[in-house]
Number of protein chains: 2
Amino acid sequence: MSRLSNPVEQADTRARILHAAVDIFASRSFESATLKEITEAAGANIAAVNYYFRSKDELIRQVMADLFGRVNRARNVALLAYEKAVADGKKPGLEPLLDALIRPMVHLGTEMPQGAANISLLMQARVSPSVPDDLSSSEDDVIHERFIAALARILPHLTRKEIIWRYNCARGAMIFVLAELSPNIHQIVRLADTQRKADEDTVVRELIVFTTQGFLAGSAGTTLAQ
Amino acid sequence: MSRLSNPVEQADTRARILHAAVDIFASRSFESATLKEITEAAGANIAAVNYYFRSKDELIRQVMADLFGRVNRARNVALLAYEKAVADGKKPGLEPLLDALIRPMVHLGTEMPQGAANISLLMQARVSPSVPDDLSSSEDDVIHERFIAALARILPHLTRKEIIWRYNCARGAMIFVLAELSPNIHQIVRLADTQRKADEDTVVRELIVFTTQGFLAGSAGTTLAQ
DNA sequence: GTCTATAACACGATAGAC
DNA sequence: GTCTATCGTGTTATAGAC
């Protein structure tokens, strides 16, 4: 696509391939996207993929590792701030904690111009056989355990199992809402006026309103009041 | 896999292919699953796919149409009962309405032995280029509009936009929770003791508890109390 | 309806010149 | 580091016998 006359574009073939791969993988799926498409979009030769990455699978792995890494780093920073506030004796409450969970993902999903592609890749990662199981580092798991622990501190009347149910509810709401905002993704149902564009703050706010109340519900056995 | 000696198995090659396709597509993705794998698992010949369906794409389309059809029919039945109760002057409230939305999907996702595969397919359908955009009939859209309308009746203080935000939150919670129960699907994060098996009623109950409270939250501008 | 055989094609990967 | 040319493999789809 882009000519190589521009020295800036020429600068780093590896980075250009990585960047193009996000878009192509997102719109055509890991398996049906070809290295030819990706390298053409990157203004590179198909052999460059095997030079910089070892194989198509390694390219996929690198793309996803970058994505997970970005979310995890941002969540870690936000969570550290939250945990520090707790250690300092402040009572930060549920919303800032959920903000630490939600905002990094929403940021990834609403940034221009690749937000929609990012979400498509995250959804694919859950079902594609091209994405290895061991991609998520143990570091990821630690962060989620820290979220669970922080939630358990605020919601002592809920069991760990109940917290995990709701944690998954919250994560699902997050990814699904972002998916609906992404034109990349098949909107199975087209409502008359679903918004397909929204800024980070709006999305975060709507998600926090919904999930905060969800977490505050009583135990599943109990009825609503509590 | 299964020998053809059994006349029951021999009965309907088309149905056997359709059944095997669900499993294979779910575990290996639409694109990387091959017709050879599917027909072997179905105890059929590869040419049978092109005889009963026109092509691989048409097979995919048929698999997904069956899935969507099942959910929509079940939701329609439940929604009709709800709408009748409303027409009769009863005030059914939020939980039975959300039950009509959630239970059909949870039923699909927890049935044995293909529940996990069903969810994997539904997730793939949102990102795979093999699934045509026009698969969802206008009938689907009508059902969702009926849910939105029923929700708006119960929650008159929320705008249509706010209802849609939360409707998507609820649907996301639903699909994500079901995905976490499915061993088919890459669990990006492995929590120590996430339950990977749960009966329909338990899953429905946890989802309804969370989403009911989510819908009952005040407008996003407002703070929590209301 | 079911099978074998094969056509027609596209892919990922690599060797080797530059 | 980048490119061309090519190898080997696996795919869908189909023609035609049974």
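First the proteins, then the strands, lettered A, B, ... as listed; each starts at 1. The analysis underlying the following values was restricted to heavy atoms, covering all of them including side chains, and did not include hydrogens, waters or symmetry mates.
Distance Lys36(B) NZ to dT4(C) P: 12 Å, rounded to the nearest Å. Atom CD1 in Ile24(A) sits roughly 12 Å away from atom P in dG12(C) (whole-Å rounding). Rounded to an integer number of Å, the gap from Glu31(A) CD to dG12(C) P is 11 Å. For Glu37(B) and dT11(D), the CD to P distance is 7 Å, given to the nearest whole Å. The nearest whole Å value for the distance from the CZ atom in Phe53(B) to the P atom in dT12(D) is 15 Å. Rounded to whole Å, atom P of dA10(C) lies 13 Å from atom CZ of Arg28(A). To the nearest angstrom, C1' of dT2(D) lies 17 Å from CZ of Arg14(A). Rounding to whole angstrom units, CD of residue Glu40(B) and C1' of dT4(C) are separated by 14 Å.
Between Arg126(A) and Ile185(B), the shortest heavy-atom distance links the atoms O-CG2, 3.2 Å. The nearest pair of heavy atoms linking Arg61(A) to Leu135(A) is O-CD1, 4.2 Å.
Using a 4.5 Å cut-off on side-chain heavy atoms (C-beta onward), Leu59(B) and Phe25(B) make contact. In this structure, the side chains of Val63(A) and Phe53(A) stay at 4.5 Å or more apart for every pair of heavy atoms. Contact of the Leu108(B) side chain with the Leu122(B) side chain is registered, since non-hydrogen atoms from C-beta on lie closer than 4.5 Å.
Under a 4.0 Å N-O distance rule, the pair Arg103(B)/Asp201(B) qualifies as a salt bridge. Using a 4.0 Å cut-off between charged side-chain N and carboxylate O, Arg146(A) and Glu139(A) make no salt bridge.
Listed by residue number, the members of residues 58-66 of chain B with any heavy atom below 4.0 angstrom from DNA chain C form an empty set.
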Evaluate the criterion side chain to side chain donor-acceptor pair (under 3.5 Å) for residue pair Glu111(B) and Asn118(B); output intermediate values, then yes/no. CA-CA 9 Å; Glu111(B) 73 181 4; Asn118(B) 292 337; 2.9 Å; yes

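Using a 4.0 Å cut-off, some side-chain N or O of Tyr52(B) falls inside it from OP1 or OP2 of dT2(C). Side-chain N/O atoms of Thr13(A) include one lying less than 4.0 angstrom from OP1 or OP2 on dT2(D).
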Contact letters for nucleotides 13-18 of chain D, in which S counts primed atoms plus P, OP1 and OP2 and B counts the base, heavy atoms under 4.0 Å: BB----

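With hydrogens and angles ignored, the 3.5 Å screen pairs a side-chain donor or acceptor of Ser55(A) with a backbone N or O of Glu58(A).
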